[in-house]
There are 2 protein chains.
Amino acid sequence: MDVPQSPDRFSLVELQNAFRNRGMPLEALRSDITPTGLHYLLVHFDIPEVDADSWRLRIDGHVDTPLSLSLADLLARPSRSVPVTLECAGNGRGRMAPRAESQPWLLEAIGTADWTGTPLRGVLAEAGLRDGAVEWVFTGADHGMQGGVEQDYQRALTLAEADGEDVLLAYAMNGRPLEPQHGAPVRLLVPGWYGMTSVKWLTRIEAVTEPFGGYQQAEAYRYQSDPEDPGEPVTRIRVRALMVPPGFPDFPDRQRYVDAGPVTIRGRAWSGQAPVVRVEVGVDGQWCEARLEAAPGRYAWRAWSGEVDLAPGPHVLACRATDAAGNTQPEEVWNVQGMGNNAVQQVPVLARSGVR
Amino acid sequence: MDVPQSPDRFSLVELQNAFRNRGMPLEALRSDITPTGLHYLLVHFDIPEVDADSWRLRIDGHVDTPLSLSLADLLARPSRSVPVTLECAGNGRGRMAPRAESQPWLLEAIGTADWTGTPLRGVLAEAGLRDGAVEWVFTGADHGMQGGVEQDYQRALTLAEADGEDVLLAYAMNGRPLEPQHGAPVRLLVPGWYGMTSVKWLTRIEAVTEPFGGYQQAEAYRYQSDPEDPGEPVTRIRVRALMVPPGFPDFPDRQRYVDAGPVTIRGRAWSGQAPVVRVEVGVDGQWCEARLEAAPGRYAWRAWSGEVDLAPGPHVLACRATDAAGNTQPEEVWNVQGMGNNAVQQVPVLARSGVR
């Protein structure tokens, strides 16, 4: 694999993935709920063609009662709607060098939707786990080759993780049936975890008696310090704040212009590990406290704002969040696969006097 | 401006734009209508914040009766729904070298939505043109800097072009109010033309007595053979066919695998200049005719399919379309701004025997 070394040169493979796997323009940080067409998207293989009418979800393996459920079966079960912030585990990979040639996200692999579905735990309880099962393996309909392994996309959860009250078999996003790219007709939705866990185009849930060793669990999604390091698994979303782009941009460079004087910086912050309890706003390395608003839900980002005063000239704005578990965003992150890069966002701006 | 010279190395500026300006994964060529969240998107500056309740559209300049219309006013007028294929004029720029550093589209800046609005001509007739007016200038709310010029995004149409029966003031896409990124609450929609003409977040329509010389008309969107060439204006969409990606892909390289033997290649073709009358499917430089299906509308792409027989091993698949005006896709396109690159699509695949 070609490993590009530079933070300002990207390969055709990286660009192709950037066009397929769509980012959220950061203007969408203005609102609690991200419009469906602005939510980030990561699809390893192709968006599969799934016919909702003939679709079935099998629940089998080490269970008492194997099930085969239709969409109508799931719609008839208890439903629950939860606003959830999802983020790709590779968000920030494109800022690293050297980096694995993959999806070169800069900062935009995020979004918060209102997801509706039926709680997974109810369906699993109906199948009934037999003694000796240790994990549930979730299989999607997306098929392809990765790391030399031909595969349907698969990820596993431990029994305890799958039992969360807000883990959903989701069939609606922002009040409408899932669009094809978001996993239609039904996907898994695991709040608090990076997006790879929320398997799309779900076809099967299997109870297994040994920990799952599939490619997307054992090889991919690991924090590795070097290629020989087996690494730690990527799990819950690390704390992060991002700001609504202030002022207005240049095209195509996206240099930003703001009026000199008092400027309100606003944005949103989230963590899958504990509630966000603090956001700071930085100007040229000087930090001050931002005001926090209530989050629209336990697993959704939290709005914040802070005032800064900008003299005419160039400045670097920044923001950083801290969660209740004491996690604060670092200045820099690097690992082999480019996972979980929640480094502090830096936004260069040019402040101008009396121009507009 | 940095001018990257290589077709397989891209700058950070190009990547940033690729993440903001979302492409349509080519799997969406399976359906006549593109789901809203899969349609391509090009925003020069930021997505503006427009309050639909207080929004007004001014129609003024060289008219008899200046108007100021609310969204409710437009919704009360006659409505019309039209399926329209939109394409960005810069689609294919990323395949060129050297190229202007801008939005480096490969092939994915397309989409077909069902657009609903009120015909523009009715609103313009109500304002009443005064003698001597030559063009209508359309202004959007998106604000930024381009080519050293601070601007609201603006484009013009001649009186005849603006009078087309299917030119709409569009307020709905695929049966729902416009999402913010597609121009909410109201955008211009000019079927047959490249997307830059369909001004989003419309705020003003002005009748002018001299041809409009604004940046997006006189500087940008020109077919220039060299930087000193004033060039020809970019107008209607050039003929093009694209195929649904056959087989399944590798991640992240997107090398494609297909079963050896008979394979059906399918896709869609369109032209803003005349109806598509012919599509050919190519294998390793040998061409055969594809079957054409009816288009869902006069301005929408047309489905096609063709059978090929693949021996085991590597092949290059291709497709090319011809329209009723005799335009056929060329092998190569180059111009300074990277406009209108409708070169024939080439898709390398590896055919395998009895693997799946």
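Residue numbers begin at 1 in each chain, while the letters A, B, ... track the order of the sequences.
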- Task: Carefully, step by step, assess A:Met145 and B:Phe251 under the rule side-chain contact (heavy atoms from CB on, under 4.5 Å).
- Result: CA-CA 6 Å; A:Met145 190 85 86; B:Phe251 182 84; over 6 Å; no
| message | Run A:Asp8 and B:Val13 through side-chain contact (heavy atoms from CB on, under 4.5 Å) and show every step you take. | response | CA-CA 8 Å; A:Asp8 59 9; B:Val13 164; over 6 Å; no
Which is it for A:Phe45 and B:Asp250 under the side-chain contact (heavy atoms from CB on, under 4.5 Å) test, yes or no, and what are the steps along the way?
CA-CA 7 Å; A:Phe45 308 122; B:Asp250 185 279; over 6 Å; no
For this session: Determine, stepwise, if the pair A:Leu106 / B:Leu15 fulfils side-chain contact (heavy atoms from CB on, under 4.5 Å).
Result: CA-CA 9 Å; A:Leu106 299 169; B:Leu15 186 77; 4.0 Å; yes
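For chain A, the nearby parts of B:Pro104 are the backbone and the side chain; heavy atoms of each come within less than 4.5 Å. At a 4.5 Å heavy-atom cutoff, the contact between B:Glu179 and chain A is made by side-chain atoms alone. For B:His39, the part lying near chain A is the backbone, with the side chain staying farther off; criterion is any non-hydrogen pair under 4.5 Å. Of the two parts of B:Gln255, neither the backbone nor the side chain holds a non-hydrogen atom closer than 4.5 Å to a non-hydrogen atom of chain A. At a 4.5 Å heavy-atom cutoff, the contact between B:Pro180 and chain A is made by side-chain atoms alone.
Between the A:Arg22 side chain and the B:Gly37 main chain, a donor and an acceptor come within less than 3.5 Å of each other. Side-chain N or O atoms of B:Asp46 include none that pairs as donor or acceptor with a backbone N or O of A:Glu27 at under 3.5 Å.
Side-chain contact between A:Ser11 and B:Arg9 is present, with heavy atoms from C-beta onward closer than 4.5 Å.
Nearest approach of A:Gln16 to B:Asp253, heavy atoms of both residues: OE1-O, 3.9 Å.
A parallel orientation is assigned to the rings of A:Trp105 and B:Phe19, their planes being inclined by less than 30° (bins at 30° and 60°).
The choice from B:Gly247, B:Pro249, B:Gly23 that makes the most heavy-atom pairs within less than 4.5 Å of chain A is B:Pro249. Ranked by heavy-atom pairs under 4.5 Å with chain B, the list A:Gln103, A:His44, A:Arg256 is led by A:His44. Taking chain A as the reference chain and counting heavy-atom pairs below 4.5 Å, the highest number among B:Leu107, B:Thr36, B:Asn21, B:Val43 is found for B:Thr36.
Salt-bridge formation is not detected for the pair A:Arg254/B:Glu14: no Lys NZ or Arg NE/NH1/NH2 atom is positioned less than 4.0 Å from an Asp or Glu carboxylate oxygen. Of the charged side-chain nitrogens involved, at least one lies within less than 4.0 Å of a carboxylate oxygen, so that B:Arg30 and A:Glu49 count as a salt-bridged pair.
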